[in-house]
Amino acid sequence: MTFEEARARLEACGQAHLLAYYDELDEAGKKDLLRQIEETDFSVLDALKGRGEGKPAGSYSPIRALEIPEIEKDRASYEEKGFAAIRAGKVALVLLAGGMGTRLGSSDPKCMLDIGLTRPVYIMQRLIENLREVTDRAGCLVPLLIMTSDVNHDRTVAFMEEHACFGYDPSMITYFRQDMAPAASYEGKVLLEDKGKIALSPNGNGGWYSSLHRAGILDRLKESGVEWLNVFGVDNVLQRIADPCFIGAVLAHDCSVGAKAVRKNHRDEKVGALCLENGRPAIIEYYEMTDEMLDAVDERGERAYNFGVILNYLFRICDLDRTLTEAFPVHVVEKKIPCIDEKGEPVRPQSPNGYKFELLMIDQIRALDTCLPYEVVREREFAPIKNKTGRDSVESARDLCARNGIIL
Ligand code: UTP
């Protein structure tokens, strides 16, 4: 792309300021900035139009979950089915490790966080330890796909190599990068990270399937017989992946997706709740729930919208394929974005200073016909690390690990 082409492209979307420092860059810097302008998808900024108007309210109704007593009753047959799928090579794992972890405030990839007290215990190590419990029982390995971003790819790969993949066979691990999206000021102007670099950030946890497809990995998986993808977040140190009972249950109920879920620990807990929206599976954000929904009870007198998701899903590939051509909504999220100001001075914000644009996995669930909410024991499977201190922090996760007999 030439300078003139870049300017025309930017003027058309009101972003010509991105060339403000062009003349100050050396030749390589100029070329690189033009490349970034060519590759950046500025259409995400359209999400700012009509922001705040909200989406038309759907008609919500409860969805039935498979609860722990029912799971325990059928555990043996579910596990048998799940192990059979694992041994037949029908399941692969997708670790979502492309996030920035801004709330945690570390510049390292989250998987590198050491939560140990008497020895190093990294988040990645915890995930692989849990996985190896299953693969040892199955007598075979499960392909592990790790989604990184341009920001943390190299450090994630180097970290895994340095730790010999925590004992997992490196030939079973594939890395792929997720797509990036520009970040903008509150005025809708794309920010510069420095004079020759557009501020880009990973495009949200809903970008994984299209990124997997674009990387050519999806076709390879299908050719090798993989039918199901267990997708999970990086930051839950009790995350149970390739869980044979969960896999078997989703297969037995013939659903397009299974979602591990925990019972809300109080009425107003800030978790997205599984439900039906206009008769289709959906996840309603806690801030979208009305008092009527929060107080609704089922025929047993229990909260009707009681199951929160923990970012651990089992997707059927053939159903997800139909969503590849769908344009998912772009969500606008306020975040702290390091950038330069109009004088070219660096800004390191302590509070949110602009918008990032993200695709969310909840919209993929909405696009599918059937979902099995699968209840897990919260204290055994849910120890997220989101914040530096307090709720969902290293402290709370350590406490939960200790209660599960994990030596830190
Ligand atoms: P979060 O929503 O907690 O986001 O991600 P985050 O980026 O890790 O943290 P904050 O909000 O900046 O503090 C939930 C999961 O989705 C992954 C994360 O790595 C985590 O496993 N994720 C999130 C991605 O893989 N890519 C993204 O663009 C966003």
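Indexing begins at 1, ligand by ligand and atom by atom, following the structure's order. For the numbers below, each heavy atom of this structure counts, side chains included, while hydrogens, waters and symmetry mates do not.
Side-chain atoms of Asn236 come within 3.5 Å of backbone N or O of Glu381 as a donor-acceptor pair. Put simply, the side chain of Arg267 never gets that close to the backbone of Arg303: no donor and acceptor are under 3.5 Å apart. Between the side chain of Asn404 and the main chain of Glu379, a donor-acceptor pair closer than 3.5 Å is present. Glu269 contributes a side-chain N or O that, together with a main-chain N or O of Asn265, makes up a donor-acceptor pair within less than 3.5 Å. Looking at Glu72, its side chain never comes within 3.5 Å of a backbone N or O of Glu67 through a donor-acceptor pair. Side chain of Asn152 to backbone of Ala97: a donor-acceptor contact under 3.5 angstrom is found.
Interface atoms of ligand 1 facing Lys386, defined by a heavy-atom separation under 4.0 Å, are 1 (P), 3 (O), 14 (C). The contact set between ligand 1 and Met147, taken as ligand atoms under 4.0 Å from a residue heavy atom, comprises 25 (O). When each atom of ligand 1 is checked for a heavy atom of Lys110 under 4.0 Å away, the hits are 8 (O). Listed by number with element, the atoms of ligand 1 under 4.0 Å from a non-hydrogen atom of Lys335 are 10 (P), 11 (O), 12 (O). In the vicinity of Gly98, heavy-atom distances shorter than 4.0 Å reach the ligand 1 atoms 19 (O), 24 (C), 25 (O), 26 (N). The contact set between ligand 1 and Gly233, taken as ligand atoms under 4.0 Å from a residue heavy atom, comprises 21 (O). Close approach of ligand 1 to Val234 (heavy-atom distance below 4.0 Å) involves ligand atoms 19 (O), 21 (O).
The single protein non-hydrogen atom nearest to atom 22 (N) of ligand 1 is Gly99 N, 3.5 Å, given as residue, atom name and distance. Protein heavy atom nearest atom 28 (O) of ligand 1, with residue, atom name and distance: Gly204 N, 2.8 Å. Looking from atom 12 (O) of ligand 1 to the surrounding protein, the closest heavy atom is Thr102 OG1, 2.5 Å. Counting protein heavy atoms only, atom 26 (N) of ligand 1 is closest to Gln178 OE1, 2.6 Å. Protein heavy atom at the shortest distance from atom 20 (C) of ligand 1 is Leu96 O, 3.8 Å. Remark: minimum distance from atom 7 (O) of ligand 1 to any protein heavy atom is reached at Met100 N, 2.9 Å. Among protein heavy atoms, the minimum distance from atom 6 (P) of ligand 1 is reached at Gly101 N, 3.6 Å. Of the protein's non-hydrogen atoms, the one nearest atom 4 (O) of ligand 1 is Arg103 NH2, 4.2 Å.
Remark: Arg126 engages Glu129 in a salt bridge, criterion side-chain N to carboxylate O under 4.0 Å. The pair Arg316-Asp319 meets the salt-bridge criterion, since a charged nitrogen lies less than 4.0 angstrom from a carboxylate oxygen.
The proximity of Ala97 to ligand 1, defined as any non-hydrogen pair under 4.0 Å, is limited to the backbone. Contacts of Glu358 with ligand 1, taken as heavy-atom pairs under 4.0 Å, are absent altogether.
Using a 4.5 Å cut-off on side-chain heavy atoms (C-beta onward), Met112 and Glu162 make no contact.
A cation-pi arrangement is not found for Lys270 relative to Tyr287, the charged atom failing to lie both closer than 6.0 Å to the ring centre and inside a 45° cone about the ring normal.
Atom NZ of Lys264 has more than 12 neighbouring heavy atoms from other residues, nucleotides or ligands inside a 6.0 Å radius. The 12-atom threshold is exceeded at NZ of Lys30, counting heavy atoms of other residues, nucleotides or ligands nearer than 6.0 Å.
Between Phe232 and ligand 1, no N or O atom pair is found at a separation short of 3.5 Å.
Residue Asn205 holds the heavy atom nearest to atom 16 (O) of ligand 1 of all those in Asp392, Asn205, Val151. Looking at Leu104, Leu311, Val333, Asn203, it is Leu311 that brings a heavy atom closest to atom 14 (C) of ligand 1.
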